[in-house]
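Okay, structure first, notes after.
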Amino acid sequence: MTAPLTIRAGRVGSRIAGVGSFLPRRIVTNEEMCTMIDSSDEWIQQRTGIVERRWASDDEPLTVMIAEASRHAIEHSGVSTDEIDAVIVASVTHLKATPALAPMLAAELGLKDPAAYDISAACAGFCYALAQADALIRAGAANAVLIVGAERLSDLTDKSDRSTAFLFADGAGAAVVVGSDTPGVGPVVWGSDGTQADVITQTADFRDAVPTGQMPTLYMDGKPVFRWATTFIADAAKDILKQTGLEPEQLDVFIPHQANNRITDSMLRHLKLPEHVVVARTIKHLGNTSAASVPIAMDQLLSSGEATSGQTALIIGFGAGLVYAGQVVVLP
Ligand SMILES: CC(C)(COP(=O)(O)OP(=O)(O)OC[C@H]1O[C@@H](n2cnc3c(N)ncnc32)[C@H](O)[C@@H]1OP(=O)(O)O)[C@@H](O)C(=O)NCCC(=O)NCCS
């Protein structure tokens, strides 16, 4: 007879113990943007809510950005680096197929032999990483997980493309997730629609791009993305509340992926969130930072005092793939 395997018991739930972020120092205003594309400050603000964004400089590679964001998250969490036994980095702008960013990050932070890997889920990357961290902890596969969402979208943006250049930006956000007897991360609602893979996509793969001597860039057909986000994704956000067993009145904070203020406005109408709910609007000064937008917004709301520890926040990410994921979390 086969001997029974010993398995590890996991925790009842998990919670976010701390968040942190890193913003590149260079600010690109709409005025500067309009020296690159035929547009206007008024048009960009009206259509997206963006006033300015950050683009990383040469001395701010992704490795530096994720290390800085992680250091802040670890400090805020009070968790010792010795306890972190898994690292997940979500990014679509790490331009080397291998090695992944996560093991390099773990080494930079001096972590002891953690599991470490990257995931590619575009603007939903942070919420995917959180779902994984929660599942790893509840399965007993990890005790404390460092999750990071980070992008240098400026590397893949055609600065002369008036349909994308004003939108995409750079930044990094991180969180430490630990086991908890009182769950602080609700059930994930997630999914994908690969039939719409073409609506946000890299123009060529790197093998095809090399002979041309041109970096591939990001192509986006904005209208179908807008439609999808304001209908299907708005419904998914409703489903998150339902699956978590919360009424909109019980929510304190809403942190949607910072894709476009008009998408956020439309979701708010759809969700019928009460007036007291604090809504993240970091897109105004930071643009769309893809996987980094949710953790950066969470960090900024907490550090500005607009949101406080113990409040419930609905977070949702959505983007290229198309993919989406979201959950309700208790803020650290
Ligand atoms: C990108 C987006 C802002 C464009 O807005 P839109 O209303 O769809 O814009 P359109 O392409 O229909 O263009 C509308 C008008 O603005 C003009 N226009 C387009 N880009 C412009 C720009 N950068 N500056 C000024 N005018 C512009 C067009 O020429 C058109 O003019 P016309 O009416 O005289 O023909 C919008 O589609 C959007 O936000 N989509 C979602 C994108 C997103 O969130 N992506 C990230 C998901 S993770």
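On a predicted model such as this, the values are computed, not experimentally measured, just so you know. Values reported hereafter were calculated over all heavy atoms of this structure, with side chains retained and with hydrogens, waters and symmetry mates removed. Each ligand, and each atom within it, is numbered from 1 in the order the structure gives.
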>> Can you confirm whether or not the ring centre of Tyr128 sits under 6.0 Å from the ring centre of Trp190?
In response: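 Between Tyr128 and Trp190, the centre distance is under 6.0 Å.
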Among all the protein's non-hydrogen atoms, which is closest to [atom], and how far away is it?
| atom | result |
| --- | --- |
| atom 39 (O) of ligand 1 | Asn260 ND2, 2.4 Å |
| atom 40 (N) of ligand 1 | Gly222 O, 3.0 Å |
| atom 28 (C) of ligand 1 | Arg162 NH1, 4.2 Å |
| atom 6 (P) of ligand 1 | Arg47 NH1, 3.5 Å |
| atom 45 (N) of ligand 1 | Met220 SD, 3.1 Å |
| atom 46 (C) of ligand 1 | Asn288 ND2, 3.4 Å |
| atom 47 (C) of ligand 1 | Val225 CG1, 3.6 Å |
| atom 17 (C) of ligand 1 | Trp43 NE1, 4.0 Å |

>> Is the shortest side-chain heavy-atom distance between Phe318 and Ile263 below 4.5 Å?
In response: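 Side chain of Phe318 against side chain of Ile263, heavy atoms only: contact under 4.5 Å found.
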> Just wondering, do Gln311 and Val330 contact through their side chains at under 4.5 Å, heavy atoms?
Replying inline: no
Under 4.0 Å from [atom], do we find at least one protein heavy atom?
| atom | result |
| --- | --- |
| atom 30 (C) of ligand 1 | no |
| atom 20 (N) of ligand 1 | yes |
| atom 23 (N) of ligand 1 | yes |
| atom 37 (O) of ligand 1 | yes |
| atom 13 (O) of ligand 1 | no |

> Got more than 12 heavy atoms from elsewhere within 6.0 Å of CD, Glu42?
Replying inline: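 Not more than 12 within 6.0 Å, no.
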> Is Lys159 atom NZ crowded by more than 12 heavy atoms from other residues, nucleotides or ligands, each under 6.0 Å away?
Replying inline: yes
Looking at [Y] and [X], is any side-chain nitrogen of the basic one under 4.0 Å from a carboxylate oxygen of the acidic one?
| X | Y | value |
| --- | --- | --- |
| Glu32 | Arg26 | yes |
| Asp59 | Arg25 | yes |
| Arg262 | Asp265 | no |

Any atoms of ligand 1 less than 4.0 Å from a non-hydrogen atom of [X]? List them with their elements.
| X | value |
| --- | --- |
| Phe166 | 23 (N) |
| Ser39 | 22 (C), 23 (N), 24 (N), 25 (C) |
| His257 | 48 (S) |
| Ala259 | 44 (O) |
| Phe318 | 48 (S) |
| Ile263 | 44 (O) |

>> With side chain to side chain donor-acceptor pair (under 3.5 Å) as the criterion, how do Asn260 and Arg47 come out once you've worked through the C-alpha distance, each side chain's angles and the decisive distance to 0.1 Å?
In response: CA-CA 8 Å; Asn260 184 324; Arg47 294 294 169 132; over 6 Å; no
>> Taking 4.0 Å as the limit for heavy-atom contacts, which would you say applies to Cys123 with ligand 1: side chain only, backbone only, both, or neither?
In response: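 Only the side chain of Cys123 comes within reach of ligand 1.
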> Under a heavy-atom criterion of less than 4.0 Å, does Asp38 contact ligand 1?
Replying inline: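 The answer is yes, since Asp38 has a heavy atom less than 4.0 Å from ligand 1.
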>> Please evaluate residues Thr164 and Asp161 with respect to the criterion side chain to side chain donor-acceptor pair (under 3.5 Å), reporting the C-alpha separation (whole Å), side-chain torsions for both, the decisive distance (0.1 Å), and the verdict.
In response: CA-CA 6 Å; Thr164 56; Asp161 176 5; 3.0 Å; yes
> Does any donor atom in the side chain of Asp158 or Thr217 lie under 3.5 Å from an acceptor atom in the other side chain?
Replying inline: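 Not at all, the side chains of Asp158 and Thr217 share no donor-acceptor pair under 3.5 Å.
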> Hey, are Glu306 and Ser304 close enough side-chain-wise for a donor-acceptor pair under 3.5 Å?
Replying inline: yes
>> Could you go through Glu151 and Ser91, starting from their C-alpha distance and side-chain angles, then the distance that decides it, and tell me whether this counts as side chain to side chain donor-acceptor pair (under 3.5 Å)?
In response: CA-CA 6 Å; Glu151 307 288 1; Ser91 182; 3.2 Å; yes
